[in-house]
Amino acid sequence: MPSLIRGPRRHHLPARVLAVSALTTLLAGCGLPALTATSPGAQPHASTTVGGSDPGSATSSSGTPGPSGTGGTTRTSTALTTPAQARAALAQLERLPVKGRAPKTGYARDRFGTSWTDDVDVPGGHNGCDTRNDVLRRDLTAQRLKSGTHGCVVLSGRLADPYTGRVIAFERGASTSSKVQIDHVVALGDAWVKGAQQLTPAQRTALANDPLNLLAVDGPTNSAKRDSDAASWLPPNRAFRCTYVARQVAVKTRYHLWVTAAEKSQMARQLGACR
């Protein structure tokens with residue numbers, strides 16, 4: 001049986017959580033693949049994924065090989081979740097526990113490890129590049145990479161933003177980098193009050209750096225989301241809402257998190273409207 005993280009402290013999953021493998025595999029077809037465990041300019045190494053199979057492969061959403069020398073990453077798109085994928089997510093949603101929020105006492109960003117650490121056992125971890133740049137390489141097109149970083153650091157590119165539906169030009173810099181931010185699809189503050197307090201530090205670090213839970217998005221829109229769950233915030237781009245909610249269900253299943261009654265109701269409504 002798979003374990004939640006790789007390492008000396010092993011946490012075995014209940015049988016119900018194994019279904020996340022099927023759901024994350026279906027989500028790959030939504031244009032939201034995860035990073036492969038490949039370092040920039042190097043050969044792939046073995047990696048243990050969390051709670052099941054990796055929802056992506058080293059191909060782009062168009063089915064062509066991923067860019068050489070950029071970490072073996074894949075691109076995202078705003079492809080709609082199919083009815084089959086929505087049904088799989090709805091079935092998984094029904095298995096999630098429904099509870100109220102726990103107190104937010106003790107929450108801090110560092111409870112989920114060092115921001116964008118590469119020292120983590122998820123796809124893309126230990127590849128010599130920080131998680132933020134891993135996701136930028138996965139999600140941006142027309143990239144320009146910084147020389148001398150082994151194909152790691154993204155200097156510029158274009159983002160087809162799934163949250164707004166706009167195309168955003170990214171330029172690395174003190175006053176410009178924030179135009180594109182990396183969103184935790186399940187916000188860390190939301191995770192904290194819905195089960196993450198019971199995870200180990202290593203498991204929380206995995207949650208914060210797992211490509212399944214990360215998307216490059218419009219900065220101001222991400223800032224507006226804050227720690228909201230699906231009951232209080234959804235992407236302005238209505239066409240992406242079903243895919244967004246399906247992603248949240250997969251993440252919450254993988255990391256033993258729960259949903260509130262209002263959150264579950266909104267998730268079911270969005271998934272039920274997928275066409």
Side-chain angles (χ1 to χ4, degrees), residues 31-47 49 54-78 109-110 112-185 188 205-223 225:
L32 290 170
L35 297 171
T36 58
T38 309
S39 61
Q43 296 298 314
H45 62 75
S47 176
T49 57
D54 190 5
S57 62
T59 58
S60 69
S61 56
S62 63
T64 56
S68 174
T70 59
T73 59
T74 49
R75 306 245 193 268
T76 66
S77 73
T78 53
R109 175 61 180 83
D110 61 12
F112 291 82
T114 303
S115 295
W116 310 132
T117 178
D118 185 46
D119 186 18
V120 61
D121 291 318
V122 297
H126 306 292
N127 70 352
C129 186
D130 64 275
T131 302
R132 175 177 166 80
N133 276 292
D134 279 341
V135 178
L136 289 174
R137 291 197 320 279
R138 184 193 68 181
D139 291 358
L140 270 59
T141 59
Q143 299 168 20
R144 183 167 60 92
L145 304 178
K146 185 176 181 179
S147 62
T149 65
H150 304 286
C152 175
V153 177
V154 179
L155 292 177
S156 63
R158 294 175 66 83
L159 172 69
D161 175 39
Y163 285 1
T164 65
R166 297 187 294 107
V167 175
I168 300 170
F170 169 76
E171 190 77 28
R172 180 182 174 89
S175 62
T176 56
S177 288
S178 62
K179 288 180 64 176
V180 172
Q181 297 178 12
I182 308 303
D183 181 41
H184 290 97
V185 178
L188 301 186
T205 302
L207 169 61
N209 292 276
D210 191 334
L212 178 66
N213 194 33
L214 300 172
L215 284 175
V217 299
D218 173 63
T221 303
N222 182 47
S223 296
K225 172 185 170 180

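Among residues two or more places apart in sequence or in another chain, the side chain to side chain donor-acceptor pair (under 3.5 Å) test is passed with Asp118 by none. When the side chain to side chain donor-acceptor pair (under 3.5 Å) test is applied to Arg166, the partners found at least two apart in sequence or on another chain are Asp218.
In this structure, Val154 and Gln143 approach most closely via the heavy-atom pair CG2-OE1, 4.5 Å. Minimum interatomic distance between Leu136 and Ala216 (heavy atoms only, all atoms of both residues): CD2-CB, 4.4 Å. Residue Asp119 comes nearest to His126 through the heavy atom pair OD1-CE1, 2.9 Å, listed as atom of the first residue, atom of the second, then distance.
Side-chain contact between Lys179 and Asp161 is absent, with no heavy atoms from C-beta onward closer than 4.5 Å. Looking at heavy atoms from C-beta onward, Leu215 lies in side-chain contact with Tyr163 at the 4.5 angstrom threshold. With a 4.5 Å cut-off on side-chain heavy atoms, Thr205 and Phe112 do not count as touching. The closest side-chain heavy-atom distance from Arg158 to Ile168 is not below 4.5 Å. Side-chain contact between His184 and Leu214 is present, with at least one heavy-atom pair separated by less than 4.5 Å. At a threshold of 4.5 Å between non-hydrogen side-chain atoms, the residues Leu145 and Leu155 do not count as touching.
Here the CG atom belonging to Asn222 is positioned 4.5 Å from the CD atom belonging to Gln181, to the nearest 0.5 angstrom. Atom OG1 in Thr117 sits 15.5 Å away from atom CZ in Arg132 (nearest 0.5 Å). The CG atom of Asp134 sits 10.5 Å away from atom CG of Asp139, with the distance rounded to the nearest 0.5 Å. Note that CG of Asp130 is 5.5 Å distant from SG of Cys152, once rounded to the nearest 0.5 Å. Taking CG from Asn209 and CG from Asp121, the interatomic distance works out to 11.0 Å, rounded to the nearest 0.5 Å. Summarising the geometry, atom CZ belonging to Arg138 is positioned 11.0 Å from atom OG1 belonging to Thr131; distances are rounded to the nearest 0.5 Å.
With Leu159 as reference, Val180 is the one residue of Val167, Thr164, Val180, Thr141 to meet the side-chain contact (heavy atoms from CB on, under 4.5 Å) rule.
Side chain of Arg109 to backbone of Gly113: a donor-acceptor contact under 3.5 angstrom is found.
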Working for side chain to side chain donor-acceptor pair (under 3.5 Å), residues Asp210 and Asn213: CA-CA 6 Å; Asp210 191 334; Asn213 194 33; over 6 Å; no

